[in-house]
Amino acid sequence: MSTNEMPKAYEPNDVENKWYPLWEDRGCFKGNPDSGKKPYSIVIPPPNVTGILTMGHVLNNTLQDILIRWRRMQGYEACWFPGTDHAGIATETRVDKQLRENEGHGRDHYGREEFVRRVWEWREQYGHTIIKQLRKLGTSCDWERERFTMDEGLNKAVMLVFVKLYEKGYIYRGRRMINWCPVSKTALSDEEVIYKEVHGYFYHFKYPLSDGSGHLVIATTRPETMLGDSAVAVNPADERYKDIIGKTIDLPLTSRKIPVIADEHADPLFGTGCVKITPAHDPNDFEVGLRHKLQVLNVMNADATMNEAAGEEFVGLDRFECREKIVKLMQDAKLVVKIEDHMHSVGYSERGDVPIEPRVSEQWFVDMKELAKPAISAVKSGEIKFYPDRWTKTYFHWMENIKDWCISRQIWWGHRIPAWYHKKTGKIFVGLEAPKDIENWVQDEDVLDTWFSSWLWPFSIMGWPEETKEQKFFYPTSDLVTGPDIIFFWVARMIMAGYEFKGALPFRNVYFTSIIRDETGRKLSKSLGNSPDPLDVIKTYGADALRFSIIYIAPLGMDIRYSNEKCEIGRNFANKLWNASRFRRMQGDIVPFDISSLKATDLSQDDKWMLGRLNQVVMSVNDSLENFRFHDAVHGLYEFVWGEFCDWYIEVSKENFFNKENTEKRNRGLGLFDHAMFTILKLLHPFMPFVTEELAHQLGYLADDANIMLAEFPKPLESAKLAELGISDELIKRVVAKFAIISAGRNLRVSCNIAPSLKIKYFIKPVDAGTEKFLQEQKSSLEMLLRAESLVIDANFAASGPAPSIVTDAGTIFMPLEGLVDVAAELAKLEKQKKELDSWIAGTKAKLSNERFVSKAPPKVIEDSKKLLAENEDKLCRVEDMIAALRR
RNA sequence: GGGCAUAUAGCUCAGUUGGUUAGAGCGCCACGUUGACAUCGUGGAGGUCGUUGGUUCGAGUCCAAUUGUGCCCACCA
């Protein structure tokens with residue numbers, strides 16, 4: 001081995017492209033239900049088949065990959081089930097658009113059967129993009145188990161569920177007011193409506209009474225709907241309008257007379273207290289209409305243009321054109337009282353990005369109330385846990401007020417509703433198979449909401465309704481990682497489906513990810529152009545860097561502020577690992593080493609410190625991951641690897657490594673280094689799969705055909721072993737204090753402008769005999785780290801002249817420089833330190849002499865305070881001595 | 001209108017059950033190519049924890065009020 005095999009800087013691209021196919025070929029990702037190990041499973045939130053990888057996917061899938069790799073290394077039979085979602089409306093829109101662009105005709109030109117065929121074709125050609133992209137990120141999904149929500153097996157599951165729920169009476173068909181998207185021309189569920197605060201106008205119109213006795217003033221934000229008005233309502237308790245109830249109105253711009261009715265819906269305190277009632281175009285009015293048996297007059301077409309019922313002069317107008325025209329006509333007729341600016345929230349269609357239109361139509365619904373019950377208690381009892389826990393509140397609120405779910409969609413791409421209508425009798429047939437005498441029946445034209453297949457995902461992906469080994473072994477799944485934006489769409493419904501159809505929870509833990517925003521806090525979106533392409537980022541920084549950085553910057557349960565530059569954190573860190581490994585390679589091949597035969601006498605204090613800290617890190621990484629504290633795990637590792645292992649351990653090791661004479665000692669040092677490095681690589685592997693695999697091989701820790709991703713995840717040493725090796729918190733503290741002396745020595749050098757290359761004399765006056773012995777043993781390493789010409793450790797040291805010095809916990813370090821010392825500056829520095837100590841001591845003394853503190857605070861706290869007080873008093877003495885010496 | 005979250009260094013965030021006079025990264029300043037690393041090293045400056053009040057021997061950490069910000073739900077004709 002020679003160093004020129006390892007370039008100075010880590011180049012991730014080749015490494016990543018090399019390992020991924022190898023892992024896949026070697027079957028590293030496979031989940032085997034017969035292994036006899038403990039199961040650990042995750043189902044991917046299926047990305048839309050039309051989708052391309054976004055930063056949101058990166059975060060979400062990195063988290064899942066961390067969990068799955070960690071559990072796999074821990075010895076679980078880990079299986080990550082991947083797949084894609086057919087995304088009904090999105091896909092249909094996409095393919096329709098493409099056909100229009102390429103062939104000049106939209107979907108209607110082709111007819112249902114041909115269009116659906118074209119969508120499948122499209123899916124074959126483009127539908128695997130995101131799956132390929134996920135591989136670039138390093139996700140260790142069991143790709144052989146990839147499923148699509150329109151697969152035959154999943155279709156069977158969907159059909160069966162529909163029939164079962166129909167037979168149970170939970171699914172029904174009804175004429176209801178639903179949310180209608182005029183662009184997609186389909187019904188939507190309540191959850192697919194996005195409310196936006198928009199600026200509009202509040203139009204106050206006069207509605208003349210038919211008997212000529214005057215007029216009422218009504219206010220509306222949607223003048224175009226007046227063409228469909230069926231009544232004007234006033235509150236029955238409203239004295240102002242008592243006498244008008246029962247009269248009729250001549251509805252302007254129409255030839256219709258509509259009644260004035262009394263209904264609680266009218267709020268006497270709002271506006272004029274009179275409200276126009278348009279049963280076909282407003283959900284509240286629809287209810288009023290039902291109560292009063294009013295005519296439901298639909299004045300719009302499916303695309304939200306006005307229909308014949310609106311009147312001749314309005315037919316064909318778009319609803320917004322119609323609005324303007326009506327306002328104009330009302331103004332001409334002097335029926336406009338006023339027009340006010342008005343901010344209000346308007347429901348928009350998620351896909352079409354236009355205001356939805358309330359519309360009365362025949363749709364299929366699921367009555368969710370019974371389904372919700374076990375799903376509520378599962379989360380209440382803690383059988384299913386949410387991380388962060390606060391999402392349970394959102395969940396309960398929705399579940400406890402759950403509404404019927406509108407599941408039919410007037411599109412072609414999706415699972416077709418298994419309902420047939422008899423041509424003559426109109427009878428409804430619902431079943432898995434079409435009726436035998438099919439010639440007498442027509443099938444329902446609608447397809448099911450995409451989520452009606454997604455909610456079965458945790459078991460349909462495992463082959464349900466067939467009884468499969470996979471289900472027996474991997475269901476319920478372990479953890480679910482998803483965004484809180486689909487808690488209702490997906491998470492809640494999966495829980496309901498799990499209990500209803502499998503009789504068991506679908507997953508035990510749900511981790512809700514953060515939302516990714518740009519640096520200025522805006523949501524990432526295509527239209528804002530602030531959405532980086534993860535593949536570009538991977539090319540520039542590496543997949544490991546992207547993965548690591550995004551976890552590193554993800555605050556717990558809050559939004560992430562992302563920018564590409566943040567990936568430098570991960571890139572630099574990968575490079576740091578690379579160079580630490582490069583350094584190791586320069587010291588020669590790996591040597592035989594067995595941690596279990598190690599004795600305390602084999603170890604330097606620095607070794608013990610390093611092993612002790614490494615052990616703490618092992619514990620905390622495992623603990624953090626158990627609690628889904630990814631951020632903590634990553635920060636702990638970063639800090640340890642960079643700030644402790646590289647900054648101190650490698651530096652102190654150099655003395656040993658560069659001295660080739662004591663082979664035994666040197667080899668032991670190399671072995672210890674390798675033990676630590678391999679442990680670090682394993683700990684980091686779930687976060688940075690590629691570079692860790694590469695380095696484990698570069699360093700010779702693994703056979704060519706072995707993989708770090710299948711190595712055992714580090715476990716902490718037993719406390720007996722730690723004690724046996726002389727590793728304790730006390731020892732760790734001592735070594736840290738030694739490092740503090742070195743930092744102080746460097747500080748002295750810089751503050752006196754001593755060239756770093758210049759070797760100088762240092763003196764250390766240790767605090768006590770124990771420390772003196774401890775430091776004395778490590779004199780040569782101290783000399784090296786201080787770049788000292790010489791170092792004297794002497795409890796009785798007294799500077800002969802003015803000597804810059806710094807007082808630390810372990811002792812005082814001096815840098816005597818005859819003639820070069822700026823006495824005033826030194827004094828100022830010491831005075832500052834004295835002042836700080838004085839005030840600290842005064843504060844602590846006051847606290848300790850406070851009777852109530854002494855009587856109420858826990859003994860441990862008091863003891864610690866006293867100990868610190870003594871230490872700091874001692875420190876103060878030393879500082880004062882120094883000041884006196886300088887003044888002499 | 002209801003709910004959830006959040007407010008800590010110039011920026012982005014840590015800060016576990018209240019207990020040394022608050023930490024990290026980036027940025028900034030100074031110095032530096034010392035036999036892993038300038039995607040680097042060494043040292044340094046910089047916050048009193050949104051505001052007010054309270055509980056407590058002791059509060060960034062608990063409580064109340066208040067202000068700002070973000071999100072969710074409901075509803076406003």
Side-chain angles (χ1 to χ4, degrees), chain A residues 3 6 8-10 195 202 218-222 225 233 265-267 270-278 282 284-285 288 342 344-345 388 390-391 393-394 397-398 401 484-485 487-488 515 517 519 521 541 545 552-563 565-566 568-587 627 629 631-632 635 638-639 642-643 646-647 650-651 654 657-658 743 746-751 753-757 784 787 836 839-840 843-844 847 850-858 860-862 864-865 867-869 871-872:
Chain A
T3 49
M6 277 184 92
K8 280 178 95 164
Y10 173 53
Y195 287 91
F202 210 23
I218 60 91
T220 180
T221 54
R222 304 197 53 201
T225 63
H265 169 63
D267 177 357
F270 190 91
T272 59
C274 304
V275 52
K276 70 195 240 347
I277 301 297
T278 322
D282 180 278
N284 287 313
D285 293 3
V288 176
H342 188 56
H344 60 155
S345 70
R390 63 187 151 81
W391 289 108
K393 292 204 176 183
T394 309
H397 183 259
W398 188 76
N401 299 286
D485 51 330
I487 187 167
F488 309 136
I515 290 169
R517 299 172 176 281
E519 286 166 296
Y541 296 96
Y552 189 92
I553 63 170
L556 201 71
M558 289 191 332
D559 295 351
I560 296 177
R561 302 255 175 142
Y562 175 86
S563 67
E565 294 73 52
K566 297 263 171 75
E568 289 176 12
I569 300 167
R571 181 199 59 184
N572 295 355
F573 186 56
N575 192 57
K576 192 75 181 173
L577 285 170
W578 180 265
N579 274 292
S581 304
R582 187 164 173 269
F583 167 74
R584 173 61 187 86
R585 280 273 302 273
M586 292 168 91
Q587 311 315 317
N627 293 293
R629 298 179 69 98
H631 180 267
D632 287 0
H635 276 259
Y638 183 91
E639 219 298 301
W642 201 310
C646 291
D647 285 353
I650 290 186
E651 291 309 316
K654 282 178 179 172
F657 291 170
F658 293 165
S743 292
R746 291 166 175 169
N747 183 336
L748 288 174
R749 185 190 272 279
V750 171
S751 61
N753 276 322
I754 310 294
S757 51
M784 190 178 82
R787 290 191 63 74
E836 281 167 7
S839 88
W840 189 90
T844 306
K847 189 165 75 175
N850 182 337
E851 199 185 313
R852 287 188 295 182
F853 171 72
V854 180
S855 61
K856 289 192 179 174
K860 168 101 172 70
V861 172
I862 297 169
D864 287 352
S865 287
K867 218 159 117 191
L868 271 168
L869 179 62
E871 280 173 26
N872 279 314

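Naming convention: chains lettered A, B, ... in sequence-line order (proteins, then strands); numbering from 1 in each chain. Keep in mind that what you see is a predicted model, and the values were worked out from it rather than measured. Because only heavy atoms are used, hydrogens play no part in the values below, and waters and symmetry mates are left out as well, while side chains stay in.
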[X]: what forms a salt bridge (Lys or Arg N to Asp or Glu O under 4.0 Å) with it, not counting sequence neighbours?
X       : answer
D282(A) : none
D864(A) : K860(A)
R222(A) : E224(A), E357(A)
E651(A) : K654(A)

Could you tell me whether the phosphate oxygens of [N], OP1 or OP2, come under 4.0 Å of any side-chain nitrogen or oxygen in [X]?
X       : N      : value
N579(A) : C40(B) : no
K276(A) : A77(B) : no
K393(A) : A5(B)  : no

Revision key, fill the gap. Under the rule of Watson-Crick or G-U wobble with both distances under 3.5 Å, where | means paired to another strand and [ ] a crossing pair, RNA chain B maps to (((((((..((((.....[...)))).(((((.......))))).....(((((..]....))))))))))))....
So which protein nitrogen or oxygen atoms get under 3.5 Å of nucleotides 6-9 of chain B's nitrogens or oxygens?
none

Exercise for review: Mark yes or no for a side-chain to base donor-acceptor pair under 3.5 Å between E651(A) and A36(B), with no hydrogen or angle criteria applied.
Suggested key: yes
Show the atom names and distances, to 0.1 Å, of all donor-acceptor pairs under 3.5 Å that link a side chain in residues 569-577 of chain A to residues at least two apart or in another chain.
| from | atom 1 | to | atom 2 | distance (Å) |
| --- | --- | --- | --- | --- |
| N572(A) | ND2 | E568(A) | O | 3.4 |
| N575(A) | OD1 | Y10(A) | N | 3.0 |

Check the interface with nucleotides 17-20 of chain B: list each N/O to N/O pair with the protein under 3.5 Å, or write none.
| from | atom 1 | to | atom 2 | distance (Å) |
| --- | --- | --- | --- | --- |
| U20(B) | O2' | W840(A) | NE1 | 2.4 |

Measure all distances between protein nitrogen or oxygen atoms and nitrogen or oxygen atoms of nucleotides 29-34 of chain B, and list the pairs falling under 3.5 Å.
| from | atom 1 | to | atom 2 | distance (Å) |
| --- | --- | --- | --- | --- |
| U34(B) | O2 | R787(A) | NE | 3.4 |
| U34(B) | O2 | R787(A) | NH1 | 3.2 |

**Study point:** Partner residues of H635(A) under the ring-ring contact (aromatic ring centres under 6.0 Å, His included) criterion, sequence neighbours left out
**Key:** Y552(A), H631(A)
Listed pairs, N/O of protein and of nucleotides 69-72 of chain B, under 3.5 Å:
none

Check your understanding: In terms of the nearest nucleotide of RNA chain B, which residue is placed more toward the 5' end: N572(A) or Q587(A)?
Key ->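 Residue closer to the 5' terminus by nearest nucleotide: Q587(A).
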Give me the distances for all protein-to-nucleotides 74-76 of chain B N/O pairs that come in under 3.5 Å?
| from | atom 1 | to | atom 2 | distance (Å) |
| --- | --- | --- | --- | --- |
| C75(B) | N4 | S345(A) | OG | 2.7 |
| C76(B) | OP1 | N284(A) | ND2 | 2.1 |
| C76(B) | N4 | S345(A) | N | 3.4 |
| C76(B) | N4 | S345(A) | OG | 2.7 |

